[in-house]
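Have a look at the structure below, then the notes.
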Amino acid sequence: MIEPFEAPLAFREQIVIPEWVDFNSHMNVAFYMVAFDRCVDDMYNRLRVGPDYIEATGRSVFTLEAHISYLKEVVEGDRLRITGRLMDYDGKRIHAYFEMFHGADGHPVAAMEQLGIQVDMAKRKAVEFSAETGQLLEGMLASHAALPEAKHAGRVIGIRRTR
């Protein structure tokens, strides 16, 4: 049976703490990843590939690539609301997308796209997901299929030249 998931996934609110603020008086780029990564962990827990899974199977999901788009600055004390969705998956990989919103007025402040791969922790090699994980991924993908386009997904970094 395919298990339905919330669409999009909603994660616990986070607050920009003083340690996250840099010399520009706004949240440092590194801490956007910290805030997003907490939500990645939550998504993986919902897919049952979190710490309990690692302990039981000796398998984990590693990040292969992540891309953050910084849309608007946030400052100390700002509340952050993050949503996420599964974009795609295959036998070993998970493609996810997350959006961060200002908690008070709801405007988008950042987006992150991430690709993870399941790894056998003893061999440090990529391995296939279990049938159970595949069913959970299928349920999440189906639940997220009708969501609007992921506006900041698939971006390529570079300077466009017109000459």
Side-chain angles (χ1 to χ4, degrees), residues 1-17 19-20 27-71 74 78-103 106 108-155:
M1 179 176 155
I2 301 288
E3 183 175 325
F5 286 86
E6 173 185 20
L9 300 173
F11 305 101
R12 66 181 168 86
E13 183 178 89
Q14 298 181 58
I15 296 176
V16 180
I17 58 175
E19 294 80 9
W20 290 5
M27 190 159 93
N28 180 275
V29 297
F31 293 102
Y32 283 81
M33 179 55 91
V34 169
F36 279 125
D37 194 50
R38 290 175 174 174
C39 299
V40 171
D41 288 347
D42 190 5
M43 174 187 263
Y44 289 174
N45 285 334
R46 294 177 195 197
L47 289 166
R48 299 186 201 132
V49 292
D52 293 339
Y53 177 80
I54 297 165
E55 188 175 323
T57 67
R59 295 175 175 194
S60 186
V61 180
F62 287 12
T63 299
L64 287 174
E65 184 174 349
H67 183 153
I68 298 176
S69 297
Y70 303 95
L71 308 173
V74 292
D78 282 348
R79 294 186 340 260
L80 307 174
R81 181 179 58 81
I82 300 175
T83 63
R85 67 167 82 180
L86 182 64
M87 298 284 288
D88 201 3
Y89 75 94
D90 66 13
K92 299 177 185 178
R93 296 174 297 181
I94 296 173
H95 180 195
Y97 177 78
F98 301 84
E99 291 181 310
M100 180 185 294
F101 301 91
H102 193 276
V109 298
M112 183 190 73
E113 188 173 11
Q114 183 167 350
L115 185 65
I117 190 163
Q118 181 170 251
V119 172
D120 179 304
M121 298 293 285
K123 296 178 183 175
R124 307 306 262 200
K125 300 273 186 199
V127 293
E128 297 280 330
F129 290 117
S130 68
E132 177 189 358
T133 300
Q135 286 183 328
L136 290 165
L137 286 161
E138 186 59 30
M140 186 175 281
L141 188 64
S143 296
H144 295 170
L147 289 170
E149 175 188 358
K151 185 175 180 180
H152 301 283
R155 290 191 169 192

Value for CD (Glu128) from CZ (Arg59), rounded to nearest 0.5 Å, stands at 9.0 Å

Any sub-3.5 Å donor-acceptor pair from Glu113's side-chain atoms to Ala153's backbone N or O? no

Quick check: closest heavy atoms across Ala111 and Leu71, and the distance to 0.1 Å? N-CD1, 4.5 Å

Establish, for the pair Arg48 and Tyr53, whether the NZ or CZ atom is under 6.0 angstrom from the six-membered ring centre and no further than 45 degrees off its axis. no

Answer yes or no: is there a side-chain heavy-atom contact under 4.5 Å between Asn28 and Trp20? no

Between Arg93 and Phe129, which heavy-atom pair has the shortest distance, and what is it? N-CE1, 3.5 Å

Would you tabulate the side-chain donor-acceptor contacts of residues 5-15 under 3.5 Å, counting partners in other chains and residues two or more places apart, or write 'none'?
| from | atom 1 | to | atom 2 | distance (Å) |
| --- | --- | --- | --- | --- |
| Glu6 | OE1 | Ala10 | N | 3.4 |
| Glu6 | OE1 | Arg46 | NH1 | 3.2 |
| Glu13 | OE1 | Arg79 | NE | 3.3 |
| Glu13 | OE2 | Arg79 | NE | 3.0 |
| Gln14 | OE1 | Arg38 | NH1 | 3.1 |
| Gln14 | NE2 | Ala35 | O | 3.0 |

Kindly give the heavy-atom pair with the smallest separation between Tyr32 and Met100, and that separation in Å. CD2-SD, 3.9 Å

Looking at His144 and Arg85, what are the two nearest heavy atoms and their distance? ND1-CA, 3.3 Å

Can you tell me how far apart SG (Cys39) and CG (Asn45) are? Round to the nearest 0.5 Å. 11.5 Å

Taking all non-hydrogen atoms of both residues into account, name the closest pair between Val127 and Lys92 and its distance. O-CG, 3.4 Å

If you round to the nearest 0.5 Å, how far is CG of Asp120 from OG1 of Thr57? 8.5 Å

Can you tell if the side chain of Leu80 reaches within under 4.5 Å of the side chain of Phe101, non-hydrogen atoms only? no

Do Leu115 and Thr63 have side chains that get closer than 4.5 Å, going by heavy atoms? no

Within the 4.5 Å heavy-atom criterion, are Glu99 and Ile82 side-chain neighbours or not? no

Rounded distance [0.5 Å steps], OH in Tyr44 versus CG in Asp37: 8.5 Å

I need the Asp88 CG to Tyr97 OH distance, nearest 0.5 Å. 15.5 Å

Of His152, Arg155, Gln114, which meets side chain to side chain contact (heavy atoms under 4.5 Å, CB included) against His67? Arg155

CD1-CD distance between Ile54 and Gln118, expressed to the nearest 0.5 angstrom: 9.5 Å

Heavy-atom side-chain proximity of His95 to Leu86 below 4.5 angstrom: no

Do Tyr89 and Leu141 make a side-chain contact, defined as non-hydrogen atoms from C-beta onward lying under 4.5 Å apart? yes

Does some side-chain heavy atom of Val49 sit less than 4.5 Å from a side-chain heavy atom of Thr133? yes

Check Gly84 against Met43 and note the closest heavy-atom contact, atom names and distance. C-CE, 4.4 Å

Please report the C-alpha distance between Val29 and Ile68 in whole Å, then the side-chain angles of each, then the deciding distance to 0.1 Å, and finally whether the side chain to side chain contact (heavy atoms under 4.5 Å, CB included) criterion is met. CA-CA 9 Å; Val29 297; Ile68 298 176; over 6 Å; no

